Amino acid sequence: MWPEMKTRELTATALMLIACAAPAAAQDDGMPQGKRPTVSRDAPPSSNATVNLINLLVKQGTLTEEQAATLVKQADDEAYVARQATRDAAAKAEGAERKATTAADAVSPPGTKRVTYVPEIVRKQLREEIRAEVMDRAHKEGWASPGKYPEWAQRIRFYGDIRARYEGDYFPAGNGPLYNYNAINTGNPFLEDNVNAFNQYFPPSYNTTQDRNRFRFRARLGADVDLFNGFSAGLRIATGESSSPISTNQTFGGNGGNFSKYAVWLDRAFIKYQPMEDIVASAGRFDNPFWSPTDLVWYRDIGFDGFAVQAKYQVDEGFTPFFVGGAFPVFNTDLNAGLNTVDLSGPIKSPSRDKWLFGAQGGFSARFDPETNLTLAVAYYDFTNIRGRQSSACVVYTASDACDTDLLRPSFAQKGNTYMRLRNVPEILPLNPKDTGTLNYQYYGLASDFRPVVASAQLDLAQFSPIHVILDAEYVWNTAFDRSAVAAVAVRPNNFASTPDGSPGPYNGGNQGWLARLTVGNKEIKHLWDWNAHVGYKYLESDAMVDAFVDSDFGLGGTNLKGYFIGGNVGLGENIWSSVRWMSANNIAGLPYRVDIVQFDLNARF
């Protein structure tokens with residue numbers, strides 16, 4: 001009884017499997033009947049699962065060979081009918097799609113393309129590309145975010161700073177006079193006594209005896225513009241009492257007083273080309289391109305006119321040599337410059353007296369470890385046509401008369417350099433006693449050539465980061481200085497030693513200078529309570545450097561000064577800080593001169 005029931009259950013299960021699997025097991029309707037699978041007790045295993053199952057049932061005796069053949073044929077017929085119905089449905093759907101496409105094309109404009117089916121991943125990619133294209137255009141044209149600058153305006157970066165300062169200048173007793181040759185050279189010539197020189201007529205002089213208190217300010221506003229293919233440009237305007245190259249300070253109450261407005265000058269205007277990260281070429285008026293850790297030789301805010309190239313290259317990890325070179329016009333002869341005389345051939349025009357500065361600097365920056373950095377550099381500068389020369393014999397009767405070397409006088413100067421007379425004015429006695437004859441109206445030029453060599457060094461120790469310990473040092477030597485030649489033409493008492501009776505002694509000017517400074521604290525003052533403090537000593541002889549370009553604060557500017565300085569800075573907020581400095585300076589050569597200066601600053605940067 002039990003085997004019979006088990007056989008019936010197995011047969012029912014097999015028939016259900018055959019019914020479900022028959023369509024998949026049936027062969028292609030195009031196959032000849034003779035190729036259809038057959039069933040037999042001795043049939044080998046087939047790759048068709050349904051046929052294998054039927055063969056298994058035949059072997060077990062559940063089905064006869066005739067029953068199995070009938071089942072295979074029935075399944076094959078049903079599969080054929082099902083496949084035929086599927087093909088007919090697909091054909092009808094394809095025809096309907098063609099008709100729909102034809103109808104849509106009839107009402108669509110020419111050139112319209114249709115895609116029957118776009119996968120979701122493709123549609124997502126198309127959406128992202130279209131969105132990116134639209135947003136890029138929106139940002140460039142400025143309509144994506146109302147109130148934002150368009151793309152061209154976003155390439156402009158504005159910056160600026162404002163400084164308010166109190167300055168006290170204190171002169172001790174015993175200072176001698178310091179003659180202001182810059183006032184003479186930028187104004188009317190000075191009338192000397194042919195016999196006694198300065199003993200009877202006194203030229204303009206600097207204040208060396210009366211203390212002064214001044215409130216001053218400085219304001220600068222600039223813009224850097226990114227152009228294309230490595231090009232950029234920059235502009236900056238600044239305050240200032242004059243066109244001085246070394247100061248943009250403006251004294252409150254100056255410029256006429258009574259709350260008069262103050263002048264604004266074009267302080268920077270340049271184009272830069274940077275074909276790669278480590279090479280920069282500049283043309284125009286730009287920041288000092290030479291690396292200078294102190295203001296012994298170059299005042300920190302001075303601008304250079306001309307052309308410069310800066311290059312650096314890291315040859316090893318932490319070791320980067322650099323080079324700077326440039327040519328800079330210091331003075332250009334006016335196109336119509338001429339003498340106020342004529343001869344038989346017509347008006348006399350002056351020859352060109354153009355003055356140039358050529359400079360080159362080489363050095364390296366070395367990082368010994370993450371906390372120790374050393375930078376060393378040596379520079380050579382050549383000032384051409386800057387020394388004065390005495391004119392040919394020049395007969396001068398009035399202050400408006402001119403001589404052929406007048407253009408060699410400095411167009412700007414501070415104090416300290418040794419000067420010589422430019423005009424060779426012969427003494428001609430008047431034929432008529434009522435006339436005055438020739439008068440010695442004089443301009444003054446530099447008595448020495450200038451070809452200084454400058455060695456610069458900085459050691460930055462950051463073992464206590466963010467606190468740094470920085471040692472700066474600089475040395476200058478004017479290789480073109482000839483003491484005997486300068487002493488032979490120098491104007492007394494300029495850089496001549498004093499004597500007990502007050503008469504000028506021997507010439508004691510010099511051609512060397514050095515500065516050392518120690519700074520402790522934050523390297524930059526940017527945030528609240530950032531701080532640093534510094535102390536240093538400066539020694540700069542009279543003709544070590546052209547006095548027009550050195551620091552304008554120490555000793556009230558110029559060369560021929562020595563002394564110490566001390567100061568500090570503290571942050572009062574983001575990009576707001578205060579400063580204090582005390583500077584005590586003395587003359588090295590010439591008559592006694594000493595001045596102590598205190599400065600309190602409030603600075604803001606944006």
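As the structure is a prediction and not an experimental result, all values here were calculated from the model.
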Colleague: In sequence, state the C-alpha distance, the side-chain angles, and the governing distance for Arg236 and Thr248, and then conclude on side chain to side chain contact (heavy atoms under 4.5 Å, CB included).
Modeller: CA-CA 12 Å; Arg236 190 174 79 186; Thr248 52; 6.0 Å; no

Colleague: Determine yes or no for a side-chain-to-main-chain donor-acceptor pair under 3.5 angstrom, with Asp369 supplying the side chain and Thr372 the backbone.
Modeller: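 It does hold such a pair.
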
Colleague: Could you tell me whether Tyr262 atom OH has more than 12 heavy atoms of other residues or ligands within 6.0 Å of it?
Modeller: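 For Tyr262, atom OH is crowded (more than 12 foreign heavy atoms under 6.0 Å).
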
Colleague: If you look at every heavy atom in Val378 and Val453, which pair is closest and at what distance?
Modeller: CG1-CG1, 4.2 Å

Colleague: Determine yes or no for a side-chain-to-main-chain donor-acceptor pair under 3.5 angstrom, with Asp224 supplying the side chain and Arg157 the backbone.
Modeller: no

Colleague: Looking only at atom types and distance, does a side-chain atom of Gln599 sit under 3.5 Å from a main-chain N or O of Arg165, one as donor and one as acceptor?
Modeller: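 Here the side-chain-to-backbone pair does not exist.
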
Colleague: In terms of the angle between their ring planes, are Phe565 and His534 parallel, tilted or perpendicular, with boundaries placed at 30° and 60°?
Modeller: tilted

Colleague: Keeping Asp601 on the side-chain end and Asn603 on the backbone end, is there a donor-acceptor pair under 3.5 Å?
Modeller: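 Looks like no, no N/O pair under 3.5 Å.
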
Colleague: Hey, what do you get for CG (Asn569) to CZ (Arg581), rounding to the nearest 0.5 Å?
Modeller: 9.5 Å

Colleague: Scan Arg214, Glu167, Glu241, Arg163 and name whichever one has a side-chain hydrogen bond (donor to acceptor under 3.5 Å, both in side chains) with Asn249.
Modeller: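 When Arg214, Glu167, Glu241, Arg163 are each tested with Asn249, the side-chain hydrogen bond (donor to acceptor under 3.5 Å, both in side chains) holds only for Arg163.
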
Colleague: Give the C-alpha distance, both sets of side-chain angles, the deciding distance and a yes or no for side chain to side chain donor-acceptor pair (under 3.5 Å) between Ser232 and Gln274.
Modeller: CA-CA 8 Å; Ser232 62; Gln274 190 169 4; over 6 Å; no

Colleague: Report the distance from atom CZ of Phe304 to atom CZ of Phe286, rounding to the nearest 0.5 Å.
Modeller: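 The CZ atom of Phe286 is 8.0 Å from CZ of Phe304, to the nearest 0.5 Å.
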
Colleague: How close do Leu296 and Val476 get, heavy atom to heavy atom, and via which atoms?
Modeller: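 Heavy-atom minimum between the residues: CD2-CG1, 3.9 Å.
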
Colleague: For the side chain of Arg155 and the backbone of Phe228, is there at least one donor-acceptor N/O pair under 3.5 Å apart?
Modeller: no

Colleague: How close do Lys312 and Phe322 get, counting heavy atoms only, and between which atoms?
Modeller: CB-CB, 3.9 Å

Colleague: Which pair of non-hydrogen atoms, one from Gly240 and one from Trp265, has the smallest distance, and what is that distance?
Modeller: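 Minimum heavy-atom separation between Gly240 and Trp265: O-NE1, 3.0 Å.
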
Colleague: Taking the inter-plane angle between the rings of Tyr381 and Trp298 on a 0 to 90° scale, is it parallel (under 30°), tilted (30 to 60°) or perpendicular (over 60°)?
Modeller: perpendicular

Colleague: Using the rule given for side chain to side chain contact (heavy atoms under 4.5 Å, CB included), can you reason through Asp295 versus Leu515, listing the C-alpha separation, both sets of side-chain angles and the distance that settles it, and then say yes or no?
Modeller: CA-CA 9 Å; Asp295 50 20; Leu515 184 150; 4.2 Å; yes

Colleague: Quick one: does Asp278's side chain have a donor or acceptor within less than 3.5 Å of a partner on Ala311's backbone?
Modeller: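 Pair absent, no side-chain N/O of Asp278 close to backbone of Ala311.
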
Colleague: What is the distance from atom OG of Ser244 to atom CZ of Phe412, rounded to the nearest 0.5 Å?
Modeller: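 It comes to 3.5 Å.
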
Colleague: Please verify the inter-ring angle class for Phe358 with Trp356; under 30° counts as parallel, over 60° as perpendicular, anything in between as tilted.
Modeller: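 The arrangement is parallel - the two ring planes meet at less than 30°.
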
Colleague: Donor-acceptor pair, distance only, cut-off 3.5 Å: does the side chain of Ser292 make one with the backbone of Thr294?
Modeller: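 Present.
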
Colleague: Are Phe252 and Phe217 close enough that their ring centers fall under 6.0 Å?
Modeller: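 Yes - the distance between ring centres of Phe252 and Phe217 falls below the 6.0 Å cut-off.
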
Colleague: Let me know which of Val469, Ile470, Thr375, Leu374 forms a side-chain contact (heavy atoms from CB on, under 4.5 Å) with Asp460.
Modeller: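 The passing option is Ile470.
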
Colleague: Would you say Gln125 has more than 12 foreign heavy atoms packed within less than 6.0 Å of its CD?
Modeller: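 No, because the 6.0 Å sphere around CD of Gln125 holds 12 heavy atoms or fewer from other groups.
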
Colleague: Using every non-hydrogen atom in the two residues, find where Arg285 and Asp305 come nearest and quote the distance to one decimal.
Modeller: NH1-OD1, 2.7 Å

Colleague: Enter the distance from Asp354:CG to Thr333:OG1 here, rounded to the nearest 0.5 Å.
Modeller: 4.0 Å

Colleague: With a 6.0 Å cut-off (strictly less than), is the heavy-atom count around CD of Glu277, excluding the residue itself, greater than 12?
Modeller: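 No - once you tally the heavy atoms of other residues, nucleotides and ligands closer than 6.0 Å, there are 12 at most.
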
Colleague: For the CH2 atom on Trp531, are there more than 12 heavy atoms of other groups (residues, nucleotides or ligands in this structure) within a distance under 6.0 Å?
Modeller: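 Atom CH2 in Trp531 is crowded, with more than 12 foreign heavy atoms closer than 6.0 Å.
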
Colleague: Quick one: CZ on Arg517 to CG on Leu471, what's the gap to the nearest 0.5 Å?
Modeller: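 With rounding to 0.5 Å, CZ (Arg517) is 10.5 Å from CG (Leu471).
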
Colleague: Check the pair Met545, Val454 against side chain to side chain contact (heavy atoms under 4.5 Å, CB included), reporting the backbone distance first and the verdict last.
Modeller: CA-CA 10 Å; Met545 178 62 183; Val454 181; over 6 Å; no

Colleague: Can you tell whether the side chains of Arg605 and Asp161 come within less than 4.0 Å, N to carboxylate O?
Modeller: no

Colleague: Which class fits the ring pair Phe215 and Tyr166: parallel under 30°, tilted 30 to 60°, perpendicular over 60°?
Modeller: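 The rings of Phe215 and Tyr166 sit tilted, inter-plane angle from 30° to 60°.
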
Colleague: Where do Ile386 and Phe331 land on the side chain to side chain contact (heavy atoms under 4.5 Å, CB included) test, with the steps shown first?
Modeller: CA-CA 9 Å; Ile386 201 169; Phe331 173 81; over 6 Å; no

Colleague: Looking only at atom types and distance, does a side-chain atom of Arg451 sit under 3.5 Å from a main-chain N or O of Tyr380, one as donor and one as acceptor?
Modeller: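 The answer is no, because no donor-acceptor pair under 3.5 Å joins these two groups.
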
Colleague: Return the CG to NE2 distance between Asp530 and His527, rounded to the nearest 0.5 Å.
Modeller: 6.0 Å

Colleague: Please give me the minimum heavy-atom distance between Ser247 and Ser552, naming the atom from each residue.
Modeller: CB-OG, 4.3 Å

Colleague: Answer yes or no: is there a donor N or O on one side and an acceptor on the other, between the side chain of Thr239 and the main chain of Ala219, under 3.5 Å?
Modeller: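 Flag set: sc Thr239 to bb Ala219 pair under 3.5 Å.
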
Colleague: Does a donor on one side chain sit under 3.5 Å from an acceptor on the other, for Arg300 and Asn288?
Modeller: no

Colleague: Measure from the side-chain N and O atoms of Trp291 to the backbone N and O of Ala377, and report whether any donor-acceptor pair falls under 3.5 Å.
Modeller: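 No, the answer is negative, given that no donor and acceptor are paired below the 3.5 Å cut-off.
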
